[in-house]
There are 2 protein chains.
Amino acid sequence: MILNQATDYAFRAILYLAGQTRGKVVEAQAIARQQVVPMRFLLKIMPSLIKAGIVKSQRGVGGGYYLAKDPKDITFLDVVEAVEGPIAINRCLVDEKYCSKHGAPTCQVHRALADIQGILVLELKSHNFGDLQH
Amino acid sequence: MILNQATDYAFRAILYLAGQTRGKVVEAQAIARQQVVPMRFLLKIMPSLIKAGIVKSQRGVGGGYYLAKDPKDITFLDVVEAVEGPIAINRCLVDEKYCSKHGAPTCQVHRALADIQGILVLELKSHNFGDLQH
DNA sequence: TTAAAGTACACTTAATTGGTGTACTTTAAG
DNA sequence: CTTAAAGTACACCAATTAAGTGTACTTTAA
């Protein structure tokens, strides 16, 4: 029931990029140093943010990263899902084979968990990186 | 960002006990069989539910488990915390040393996460095993 | 006294986490 | 057109956690 370190680093990287003037290309080195993230690990995380359309990169000399959209359009949910994949607070919510009642509608635990997960997803969606800026 | 298997099994065990007539002692064997939980693993989980005051046990011949209180007074949060310990969606919420800004109030990611976690905890608290019974 | 039950604790195997190593590709600048 | 600074790709690794087992023990009704 915990976000992993990669997600935490992703939050910080995006927060940092959101604090730059829009479109400014920032090298990994700078993000890593400023946000106290192991540089090599950050470099491994960034591509998933790119695939998710959250940041863009520029390769070659003077390259780096910049946000692909306005910070207020980047939610916590976007970042979590980009790094960890779709949210599932219990594996029975992903794959029915893990539901001892095989076939969700009869399992009341399943229903309650789906409920709770729904609220969590909404809440993650309601926080964005624009709000964090002030 | 997922509950572990032990917690899932605990939910099912409690759901099963909640479906029995109040105070009836049910042996681990029966819970395991009915809820499709590996018996030995269940036996390892139950003591944490006992420590948390959620179930009680009777040892010896004819022994087993029964709920320590009314199902409606057992929340999902109670069970999660009994099995997994206090909830923390990010380690920076538990131990400041993991917050790159050392000292929470200045870190905006930290604040947003604390917010989200608060909602999650409330939601877990709002579901109980009495509601599941009908 | 016996056998059925829960308890305790050590162990095991596999997966996941958090990183690193090494080689590669892209690209601005000289 | 070469160089060096940057990101990318993919394989590897050590430590931790997850999920489950083995074995010995304690409690207790019959």
Side-chain angles (χ1 to χ4, degrees), chain A residues 1-13 17 24-33 35-52 54-66 68 80 83-85 88-92 94-95 97-98 100, chain B residues 1-13 17 24-33 35-52 54-66 68 80 83-85 88-92 94-95 97-98 100:
Chain A
M1 205 55 177
I2 195 167
L3 294 164
N4 62 30
Q5 205 45 32
T7 304
D8 184 60
Y9 290 154
F11 287 149
R12 299 182 194 291
L17 290 176
K24 183 184 172 197
V25 174
V26 182
E27 68 273 36
Q29 195 70 251
I31 302 173
R33 214 172 358 229
Q35 296 296 311
V36 194
V37 174
M39 150 97 158
R40 294 292 321 285
F41 195 38
L42 178 66
L43 244 15
K44 192 162 77 170
I45 296 164
M46 297 309 283
S48 43
L49 297 179
I50 293 171
K51 282 190 201 81
I54 296 169
V55 310
K56 287 187 176 164
S57 68
Q58 161 107 26
R59 299 178 65 169
V61 178
Y65 303 96
Y66 58 99
V80 171
V83 179
E84 307 194 2
I89 64 169
N90 194 328
R91 36 185 220 179
C92 77
V94 179
D95 191 337
K97 82 173 178 227
Y98 291 116
S100 56
Chain B
M1 202 55 177
I2 196 166
L3 296 163
N4 62 30
Q5 205 46 31
T7 305
D8 184 59
Y9 291 155
F11 286 150
R12 300 181 192 291
L17 291 176
K24 184 185 174 197
V25 174
V26 181
E27 69 272 36
Q29 195 70 251
I31 301 173
R33 213 168 3 229
Q35 296 296 311
V36 195
V37 173
M39 152 96 158
R40 295 292 319 288
F41 195 39
L42 179 66
L43 244 18
K44 192 162 77 169
I45 296 163
M46 297 308 285
S48 42
L49 297 179
I50 293 171
K51 282 190 201 83
I54 296 169
V55 311
K56 287 188 177 163
S57 68
Q58 163 106 26
R59 299 178 63 168
V61 178
Y65 302 96
Y66 57 99
V80 172
V83 178
E84 308 193 3
I89 64 170
N90 194 328
R91 38 185 219 180
C92 77
V94 180
D95 191 336
K97 84 174 175 222
Y98 291 116
S100 56

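First the proteins, then the strands, lettered A, B, ... as listed; each starts at 1. The analysis underlying the following values was restricted to heavy atoms, covering all of them including side chains, and did not include hydrogens, waters or symmetry mates.
Summarising the geometry, the separation between OH on A:Tyr65 and C1' on C:dT27 is reported as 15 Å, rounded to the nearest angstrom. For A:Asn4 and C:dA15, the CG to C1' distance is 14 Å, given to the nearest whole Å. If you take CG of A:Leu3 and P of C:dT16, they are 17 Å apart, rounded to a whole angstrom. The separation between A:Lys44 atom NZ and C:dG18 atom P is 10 Å, rounded to whole Å. Protein atom CZ of A:Arg91 is 10 Å distant from nucleotide atom P of C:dT16, rounded to whole Å.
With contacts defined as side-chain heavy-atom distances shorter than 4.5 Å, the pair B:Arg12/A:Cys92 qualifies. Under the 4.5 Å side-chain criterion, counting only non-hydrogen atoms from C-beta, A:Met1 is not in contact with B:Ile2. Inter-residue side-chain proximity for A:Val83 and A:Tyr9 is flagged as unmet; no heavy-atom pair is nearer than 4.5 Å.
A salt bridge does not link A:Asp95 to A:Arg91: none of the charged nitrogens lies less than 4.0 Å from a carboxylate oxygen.
At distances below 3.5 Å, at least one donor-acceptor pair connects side-chain atoms of A:Glu84 with backbone N or O atoms of A:Asn4. Between the B:Gln29 side chain and the B:Met39 main chain, no donor and acceptor come within less than 3.5 Å of each other.
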Derivation and outcome, side-chain contact (heavy atoms from CB on, under 4.5 Å), residues A:Leu17 and A:Tyr65: CA-CA 8 Å; A:Leu17 290 176; A:Tyr65 303 96; 4.2 Å; yes

side-chain contact (heavy atoms from CB on, under 4.5 Å) between B:Ile50 and B:Lys56, worked out: CA-CA 6 Å; B:Ile50 293 171; B:Lys56 287 188 177 163; 6.0 Å; no

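Base pairing annotation: C:dA29 forms a Watson-Crick or G-U wobble pair with D:dT2, both donor-acceptor distances under 3.5 Å. Applying the Watson-Crick and G-U wobble criteria (two distances, each under 3.5 Å), D:dT28 pairs with C:dA3. The nucleotide D:dC10 finds its pairing partner in C:dG21, both defining distances of the Watson-Crick or G-U wobble pair being shorter than 3.5 Å.
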Just the table, please: protein N/O against nucleotides 28-30 of chain C N/O, every pair under 3.5 Å.
residue: C:dA28; atom: OP1; partner: A:Gln58; partner atom: NE2; Å: 3.4

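The minimum heavy-atom distance between B:Ala28 and B:Leu42, with the atom names listed, is O-CD2, 3.8 Å.
Contacts between chain B and DNA chain D, taken as any atom within less than 4.0 angstrom of a protein heavy atom, begin and end at D:dA19 to D:dA29.
Across all strands, A:Ile2 comes closer than 4.0 Å to no nucleic acid atom at all (heavy-atom distances).
Two residues, B:Leu43 and A:Gln5, neighbour DNA chain C, and the one matched to the more 5' nucleotide by heavy-atom proximity is B:Leu43.
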